[in-house]
Amino acid sequence: MNLLYTNYEINDIKFNFVDKWLNIIKNIYSNLNRNSNLESNVCTNQKVFTSNELKKYTNLKDGLYISILGQVFDVTKGAKHYGPGANYHVFTGRDASLAFITGEFDDKGLTDDISSLSIEEVKALNQWVQFYNENYICKGKLNGRYYNEDGAPTKESHDVQKMLIHAKEKQFQDEHTKKMFPPCNVEWKPDSGTVVWCSKRSGGIERDWIGVPRMLFESPNSKQYRCACVKLDSKEYKETKGMLKEYSQCPKTAIKCAVKIENLSS
């Protein structure tokens with residue numbers, strides 16, 4: 001397949017491709033209230049702690065409290081993890097959100113400033129918030145970076161929620177792409193090199209067709225790709241073939257072939 005497009009053709013392909021996926025995401029979210037979905041993970045306790053108040057809760061007498069993304073949790077029942085001398089005692093009496101991801105327990109790492117984190121890392125941090133909501137009692141919010149003195153979310157809190165929405169949308173997009181273009185089976189052996197092939201269960205996706213191996217690029221001018229199983233007579237193939245390229249060593253309709261692969265992403 002010839003991938004030498006003009007700039008106009010590339011822009012047109014990119015627009016159609018992105019527009020298609022945006023429509024998919026809009027349909028998925030058409031019956032959902034995004035904000036209420038995310039806010040279900042936010043503490044409903046109205047008490048607002050100051051930083052000095054939270055510092056009191058670092059011992060078994062007063063209790064062991066931690067804060068993550070401005071939400072305060074009583075982790076006293078987990079004293080073996082959070083009590084004095086335990087591995088995670090450094091989390092008590094403060095908001096050390098960044099350290100949940102970096103694992104750096106020094107003064108620089110024990111901070112609530114997560115501006116250095118990627119969207120995927122913020123998503124992982126939110127999973128910690130879910131964990132604490134499910135396993136510990138939320139006592140309120142911390143006045144500071146994420147909540148005002150009246151408990152209202154700050155701009156940074158809203159920015160975090162926007163990142164989580166973006167991460168969720170990307171997850172849906174990735175899931176749909178995987179269903180439409182399932183990953184190939186890939187095997188490497190010292191004597192035969194890399195072999196890619198398609199089956200009705202390749203990539204863990206059950207279907208009633210097999211497909212043929214193709215390189216699926218992230219965008220028309222991207223160098224990043226993965227091996228995808230493609231149904232050549234499908235509507236999806238016709239609409240997105242600008243993102244696909246044949247393996248030069250593989251016959252057009254072969255379902256299995258040995259290929260030379262450089263930087264194949266999983």
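- Atom CG of D107 has 12 or fewer heavy atoms from other residues, nucleotides or ligands within 6.0 Å.
- Here the shortest heavy-atom pairing between L64 and N59 reads CD2-N, 3.5 Å.
- The closest side-chain heavy-atom distance from Y147 to P153 is below 4.5 Å.
- Side-chain atoms of N135 come within 3.5 Å of backbone N or O of F131 as a donor-acceptor pair.
- Nearest approach of R145 to T154, heavy atoms of both residues: O-OG1, 2.6 Å.
- Grouping the Ile, Leu, Val, Met, Phe, Trp and Tyr side chains by contacts below 4.5 angstrom, directly or via other members, places V90 with L60.
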Inset, instruction - Dump the intermediate steps for side chain to side chain contact (heavy atoms under 4.5 Å, CB included) on K189 and T194, then the final yes or no. - result: CA-CA 7 Å; K189 291 183 178 180; T194 301; over 6 Å; no
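- Here K178 contributes atom NZ and H176 contributes atom NE2; the two are 13.5 Å apart, rounded to the nearest 0.5 Å.
- Linking ILVMFWY side-chain heavy atoms closer than 4.5 Å, directly or via other members, places Y88 and V129 in a single hydrophobic cluster.
- Taken together through direct or relayed side-chain contacts under 4.5 Å among Ile, Leu, Val, Met, Phe, Trp and Tyr, V196 and M215 form part of one hydrophobic cluster.
- The distance between the ring centers of Y132 and F73 falls below 6.0 angstrom.
- Considering every non-hydrogen atom in both Q224 and S222, the closest pair reads N-OG, 3.0 Å.
- T76 is not listed as a side-chain neighbour of Y136, based on a closest heavy-atom distance of 4.5 Å or more.
- Distance check: K155 NZ to K162 NZ gives 6.5 Å after rounding to the nearest 0.5 Å.
- Put simply, the side chain of I66 does not reach to within 4.5 Å of the side chain of V72, judged on heavy atoms.
- Under a hydrophobic-cluster definition in which Ile, Leu, Val, Met, Phe, Trp and Tyr are linked whenever side-chain heavy atoms come within less than 4.5 Å, directly or via other members, L164 and L125 are assigned to the same cluster.
- Of the possible donor and acceptor atoms, one in the side chain of E53 sits under 3.5 Å from a partner among the backbone N and O of T50.
- With rounding to the nearest 0.5 Å, the separation of SG in C229 from CG in N185 is 6.5 Å.
- Atom CG of L110 has more than 12 neighbouring heavy atoms from other residues, nucleotides or ligands inside a 6.0 Å radius.
- Looking at heavy atoms from C-beta onward, S67 lies in side-chain contact with L54 at the 4.5 angstrom threshold.
- When side chains are defined from C-beta on, T92 does not count as touching R94, because their heavy atoms never get closer than 4.5 Å.
- Annotation for K47: atom NZ counts as buried by contact number, over 12 foreign heavy atoms lying within 6.0 Å.
- Between atom NZ of residue K168 and atom CD of residue Q171 there is a gap of 4.5 Å, rounded to the nearest 0.5 Å.
- A continuous path of Ile, Leu, Val, Met, Phe, Trp and Tyr side chains, each step under 4.5 Å between heavy atoms, connects I101 with I119, placing both in one hydrophobic cluster.
- Annotation for V48 and N148: closest pair CG1-O, 3.9 Å, computed over non-hydrogen atoms.
- Counting only heavy atoms from C-beta outward, the side chains of Y237 and L232 approach each other to under 4.5 Å.
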Inset, instruction - Assess whether side chain to side chain contact (heavy atoms under 4.5 Å, CB included) is satisfied between K245 and R214, documenting all intermediate values. - result: CA-CA 6 Å; K245 182 181 178 182; R214 291 290 187 272; over 6 Å; no
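- Ion pairing of K56 with D62 is absent here, as no side-chain N (NZ or NE/NH1/NH2) approaches a carboxylate O to less than 4.0 Å.
- In this structure a side-chain-to-backbone donor-acceptor pair under 3.5 Å is present from R207 to I205.
- Put simply, CD on E156 and CG on D113 are 6.5 Å apart, with the number rounded to the nearest 0.5 Å.
- Looking at heavy atoms from C-beta onward, K241 lies out of side-chain contact with E236 at the 4.5 angstrom threshold.
- Ring geometry for F49 versus Y65: interplanar angle over 60°, hence perpendicular rather than tilted (30 to 60°).
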Inset, instruction - Could you walk me through whether L216 and T177 pass side chain to side chain contact (heavy atoms under 4.5 Å, CB included), step by step? - result: CA-CA 10 Å; L216 174 62; T177 303; 4.1 Å; yes
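- One finds the SG atom of C43 at 12.0 Å from the CG atom of L142 (value rounded to the nearest 0.5 Å).
- No side-chain donor-acceptor contact under 3.5 Å links T240 to the backbone of M243.
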Inset, instruction - Kindly indicate, with the supporting measurements, whether the criterion disulfide bond (SG atoms under 2.5 Å apart) is fulfilled by C184 and C227. - result: CA-CA 6 Å; C184 307; C227 183; 2.1 Å; yes
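- Of the options W128, Y82, F105, a ring pair (Phe, Tyr, Trp, His ring centres under 6.0 Å) to F91 is made by F105 and by none of the others.
- Residues Y146 and D95 are in side-chain contact: their nearest non-hydrogen atoms beyond the backbone lie under 4.5 Å apart.
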Inset, instruction - List the steps, then state whether side chain to side chain contact (heavy atoms under 4.5 Å, CB included) holds for V259 with V195. - result: CA-CA 6 Å; V259 297; V195 176; over 6 Å; no
